[in-house]
Amino acid sequence: FLPLKQAATDSCQAKFGPLPSKWQMVPPEPSCMNKTSDWKLTVLKNGLYLIYGQVVFDTTYKGVAPFEVQLRKNKDAIQTLTNNFKIQTVGGIYELHTGDTVGLIFNSEDQILKSNTYWGIVLVANLQFNS
Amino acid sequence: FLPLKQAATDSCQAKFGPLPSKWQMVPPEPSCMNKTSDWKLTVLKNGLYLIYGQVVFDTTYKGVAPFEVQLRKNKDAIQTLTNNFKIQTVGGIYELHTGDTVGLIFNSEDQILKSNTYWGIVLVANLQFNS
Amino acid sequence: FLPLKQAATDSCQAKFGPLPSKWQMVPPEPSCMNKTSDWKLTVLKNGLYLIYGQVVFDTTYKGVAPFEVQLRKNKDAIQTLTNNFKIQTVGGIYELHTGDTVGLIFNSEDQILKSNTYWGIVLVANLQFNS
């Protein structure tokens with residue numbers, strides 16, 4: 001006997017990074033999400049998801065772009081990091097729907113210490129509501 | 001065999017909005033919470049709850065009230081949104097106790113696109129502590 | 001039949017405060033964490049953890065230290081509270097690893113109403129990734 005929610009939580013997780021690790025998914029082809037590209041995935045199932053992660057800026061960066069990382073849901077920034085002085089965490093609790101794309105977007109790739117930066121997502125509850 | 005926590009998580013969720021949807025509850029009369037009015041409910045059971053949601057301000061609003069939405073626990077604001085430029089998310093992890101009232105409070109009802117605004121709550125763990 | 005994640009969630013929780021309560025743990029000696037001192041513990045197991053809590057500043061404090069409380073993971077502040085005017089909540093979703101120390105650090109002990117201040121942690125998912 002395995003209730004629906006239980007099954008979902010145990011079997012639908014993904015994490016990208018820190019490099020050299022790219023997408024790791026549990027199970028390898030989870031039913032609730034699909035990797036789209038580096039740092040980005042698409043949700044296949046309506047649900048409540050926990051997102052977590054950490055971004056480390058490279059403080060030796062010499063370029064002119066402002067330090068900025070966004071966690072985006074489709075075209076909307078749902079979290080924006082602009083401080084460069086510390087380990088920063090991303091994450092929260094989001095209702096996501098089939099087709100939503102979620103990913104970390106860097107203002108400039110070389111501002112980031114990718115060997116210390118990662119994000120992950122876990123399905124915690126199937127949505128049982130109509131909308 | 002169904003452990004207590006499992007039972008709780010699967011059977012106690014509520015969500016209000018986006019309009020025209022009002023309160024949806026799973027099960028229809030959940031043991032852990034009770035709707036009080038639009039946007040507001042009362043907790044019936046000590047526990048750890050995930051709150052999630054999204055607020056969309058109406059940027060065509062012409063009134064003079066500052067844009068502001070609060071997520072309140074009883075009389076305390078536990079989260080305040082004041083930016084009007086984006087989809088904004090509310091939520092977090094809260095220990096709530098029997099009798100606590102939680103709700104979204106709008107500074108001005110017509111600042112909000114209620115057809116895109118919602119919040120929900122899920123019981124994730126029964127508190128097993130004395131206080 | 002009890003899946004791994006389920007077992008973890010039900011059996012690994014800790015909470016410190018509000019005083020006079022100090023550490024309460026479920027079970028009394030949980031496999032995933034170990035209390036280190038007041039307000040601080042060490043994680044014994046890689047996983048995804050929910051952290052929650054509330055800090056109430058004593059607004060009658062007459063000292064000169066700025067109001068500040070940090071939630072720290074090892075030596076890094078992962079959340080900083082500096083406002084003194086309200087109940088404030090801490091918390092979030094963190095990937096923690098064996099040996100990580102997590103705790104609340106007060107700038108000045110007597111700025112805090114410890115009878116209203118607490119934090120807790122619950123293991124929500126075992127990490128099934130390599131790094």
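Just so it is clear: chains get the letters A, B, ... in the order the sequence lines come, proteins before strands, and each one is counted from 1.
Counting only residues at least two apart or on different chains, the side chain to side chain donor-acceptor pair (under 3.5 Å) pairs with a member in residues 111-122 of chain C are C:Glu109-C:Lys114.
Listed by sequence position, B:Leu48, B:Leu50 are the residues of residues 46-54 of chain B in contact with chain C, using a 4.5 angstrom heavy-atom cutoff.
Evaluation of the side-chain contact (heavy atoms from CB on, under 4.5 Å) rule for C:Glu68 yields C:Gln70, C:Thr80, C:Thr82, C:Asn107 as partners, not counting sequence neighbours.
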Please set out all donor-acceptor pairs under 3.5 angstrom arising from side-chain atoms of residues 29-39 of chain B, sequence neighbours excluded.
{"unit_1": "B:Thr36", "atom_1": "OG1", "unit_2": "B:Thr42", "atom_2": "N", "d": "3.3"}
{"unit_1": "B:Thr36", "atom_1": "OG1", "unit_2": "B:Thr42", "atom_2": "OG1", "d": "2.9"}
{"unit_1": "B:Asp38", "atom_1": "OD2", "unit_2": "B:Lys22", "atom_2": "NZ", "d": "3.0"}

